Amino acid sequence: MIYLLLFLLSAGLNILLGLHQWPSVLAGNLQDPDSYMRLLRIEQGVHLGHLVTTVSGDDSGAGVMVEWSRLLDMIIWLFAAPLAPLIGWHKALFTAGVALGPLGVGALGVSLAWTVEPLAVRRYLWAAAACAAILPALASIAPPGVVHYHVAQLVLISLTAGCVLRAVHGDLWFGFLAGLSGGFAIWMTPETMPFVLMAYAALALRWLYVPNATALLATAAGCFDVLVVGFFIDPPAGGYAIPEIDRLSYVYVTLGLILLASSAVLTRIQVKAKAATWRGPLGLAVMGVPLAGWIAVFPGVIEGPSGLLPPNELKAFFGVITEQIAPHGWELIVFLLPGAWAVLYAALRAWHERKQNCANLVETSLLGARPRSPLAWAYVALCAAVALALGVGYLLFTSFSAIFAAALLPIALSEIEAKGGRLAAGRRIGLLALILLVPFLAAEAKGRAIPPSRPGKAYPSCSLRHIAPLLAPAAGQVVLAQPEDTPELLYRSHIEAVGSLYEHGVPAFMKDRAAWRAAPGRSEPRAVVATGASYVLFCPKPGRYLLVADLPPHTLWDTLDKGNVPPWLRAIGHDAAGWTLYKIVP
């Protein structure tokens, strides 16, 4: 019953905080380009009879391979399938995608609370559920109308950590479940891989004090099973032999095999050298050396998406993606304060408990079985610090440090109660205000402090909700548009687009970028010719477009923004949202 209430708390807060956005969503709008691309990919797969990886219509009609694994596509398809006979696949997928937000946040609140239940007083578990919906780093990835994997990956990371926490005492069933949840997390997106390995490493560190090779083997078996099954039903677009690092491929199946083989060898060491002093270091070497070799063979897994692109394309591509930019100013408080507190709290716990016997990993107290080893808390602090460092570098990754704060908050509240004292109630209120209230208020202050980019001029909405009639003459033709608009344009019309913001479509993005940056002379610029476009779609917006911001204001975008239409363009239509469709003419 308590978990149902926690689910309703998280999901309800998510719906409540998004009240001002729900009217737009219910009118048919989603919140970001990736959401449109996700639903578009699933719908194209439905029409083809199988889920797809490559989205047609992008890259001047050649199609673009979108790097996401298809696990979330399968989940959304399952949600939509019962509705499809009643309202059609297009509306059914939209409904399922929109429902994914509250359901995902509710699941995140429950998973975080369940993860830390052995370490906290139950009446404080609500704090983890509230954090799942309120912390800006988490709320920003789950507003109404976002259809993406970001919340789902956090749920799977949390479940993996919770199962490891229960498997640390030798529970083989929870060890196997830790493997399953970790395998599904990597299948969902390899972005979870560092945190899955962190959780597994915590179980491996237990080996230094207690022979637990069987639990490690159960965990590795569960992970390997999921990765193998996922690999065979969801291979990369290029086939089983393609070593993709940004989606499930044989790269990660190899990782699962290494974990399985290493833990199997560990079981033999456990039998042969149970009492030997060198058993612990040897076991860690057996697990660590093959893993280091795997990283050496596939260095791209450490570099991440940046390892896929040349430096010049990397800067141009990620420079226009907001979530790939480092937080700064107010954002440091809004998104990183809770994670910074999590690092500090875990480090202080390690310091305060440094006199405890490091071999005694658990101690029964008022809080139940909880970690007492300074090593355990130091390891939590290290993992939280890694998550915080990722958030410092990329806005997208601030959610990882936020779930550390959400998980540790009930533990900290329970510790304050256990210590007692006259100021205990005040300390609990102060801590809740620091974690839940300060970032939220900072986010509100940041929103009010942003001035309009170019005050004094009224701009149209540039909504794409009703763009289809305007684009009807361009059906089946290539239209030059801003790459961030491509997913919604493809979702709402029958045109072909030049490029979009997906890593495997960077060459098309660079063509789109070059076209907007070209100086529009008396004849069509070569960069525009190279796109194959027959039409140009434009709408004036506040602020100068990022793709041209480093150039003098003489680009195609600037020219159209000033209303100076070059002679090789002819306006053939306008709509109420401010869009103009131009046809390229001799």
Side-chain angles (χ1 to χ4, degrees), residues 11 14-15 18 21-58 61 63-66 68-107 142-152 188 233-234 237 461 463-477 479 481 485-497 500 502 537 575-577 579:
N14 174 259
I15 294 172
Q21 295 170 310
W22 277 108
S24 174
V25 173
L26 295 178
N29 298 294
L30 297 175
Q31 295 292 338
D32 68 338
D34 285 345
S35 299
Y36 289 108
M37 204 65 156
R38 173 78 66 177
L39 295 186
L40 176 66
R41 187 171 82 161
I42 301 172
E43 188 170 5
Q44 288 184 356
V46 167
H47 294 320
L48 291 173
H50 60 87
L51 294 177
V52 298
T53 300
T54 298
V55 178
S56 63
D58 203 343
V64 63
M65 196 276 271
V66 181
W68 311 317
S69 299
R70 286 172 286 187
L71 178 58
L72 185 61
D73 292 15
M74 298 176 191
I75 295 171
I76 296 173
W77 181 87
L78 288 173
F79 284 173
L83 300 174
L86 303 175
I87 58 178
W89 274 106
H90 188 77
K91 291 183 178 179
L93 288 171
F94 184 90
T95 302
V98 170
L100 191 68
L103 293 176
V105 173
V146 168
V147 188
H148 214 15
Y149 62 74
H150 296 310
V151 174
M188 180 72 68
I233 66 176
D234 184 18
S461 67
S463 169
L464 292 170
R465 176 75 177 90
H466 302 289
I467 197 66
L470 178 64
L471 292 178
Q477 302 294 309
V479 177
D485 291 332
T486 290
E488 187 172 359
L489 290 172
L490 296 178
Y491 180 80
R492 298 194 184 282
S493 70
H494 300 289
I495 67 164
E496 295 178 348
S500 57
Y502 296 98
L537 183 67
D575 72 2
W579 291 100

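Given the structure is predicted, the values throughout are model-derived calculations rather than measurements. All values below come from the heavy atoms of this structure, side chains included, with hydrogens, waters and symmetry mates left out.
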Validation row: E496, D58 side chains within 4.5 angstrom (heavy atoms): no
Step-by-step side chain to side chain contact (heavy atoms under 4.5 Å, CB included) determination, L100 to L72: CA-CA 10 Å; L100 191 68; L72 185 61; 4.0 Å; yes
With sequence neighbours excluded, residues passing side chain to side chain donor-acceptor pair (under 3.5 Å) with Y36: E488, R492
I87 side chain reached by T95 side chain, heavy atoms, under 4.5 Å: yes
Test item: L103 and F79 side chains (from C-beta on) under 4.5 Å apart, heavy atoms: yes
Atom pair CG/OG of N29 and S24 - distance to nearest 0.5 Å: 4.0 Å
Main-chain N/O of R465 paired with S463 side-chain donor or acceptor, under 3.5 Å: yes
Where at least one partner belongs to residues 72-88, residue pairs that pass side chain to side chain donor-acceptor pair (under 3.5 Å), sequence neighbours excluded: R38-D73, R41-D73
Trace of the side chain to side chain contact (heavy atoms under 4.5 Å, CB included) decision for V66 with T54: CA-CA 6 Å; V66 181; T54 298; over 6 Å; no
Closest contact, heavy atoms only, S493 versus L489: OG-O, 2.6 Å
Distance-minimising heavy-atom pair for L93 and A80: CD2-CB, 3.7 Å
Reported CD1-to-CG distance for the pair I495 and L471, which is rounded to 0.5 angstrom: 5.0 Å
Test item: V52 and I42 side chains (from C-beta on) under 4.5 Å apart, heavy atoms: no
Straight-line distance of R70 CZ to D234 CG, nearest 0.5 Å: 4.5 Å
Polar side-chain atom of Q44 near backbone of S56 as donor-acceptor pair, under 3.5 Å: yes
Minimal non-hydrogen separation, T486 against A497, with atom names: CG2-CB, 3.5 Å
Heavy-atom closest pair, residues A474 and V479: CB-CG2, 3.8 Å
side-chain contact (heavy atoms from CB on, under 4.5 Å) partners for P144, two or more places apart: Q21, W22, V25
For the student: nearest non-hydrogen atoms of V151 and V105, plus distance: CG1-N, 3.9 Å
S461: partners by side chain to side chain donor-acceptor pair (under 3.5 Å), with sequence neighbours left out: none
Atom of L40, atom of P487 and distance for their closest heavy-atom approach: CD2-O, 4.4 Å
Separation between CG of L51 and CD1 of I76, rounded to the nearest 0.5 Å: 10.0 Å
side-chain contact (heavy atoms from CB on, under 4.5 Å) against A84, all qualifying residues, sequence neighbours excluded: W89, A92
Pairing residues for S35 by the side chain to side chain donor-acceptor pair (under 3.5 Å) criterion, not counting sequence neighbours: D32
Interatomic spacing from CE in M37 to CH2 in W68 - rounded to 0.5 Å: 6.5 Å
Step-by-step side chain to side chain contact (heavy atoms under 4.5 Å, CB included) determination, L537 to D485: CA-CA 10 Å; L537 183 67; D485 291 332; over 6 Å; no
Spacing of Y149 atom OH and D34 atom CG [to the nearest 0.5 Å]: 7.5 Å
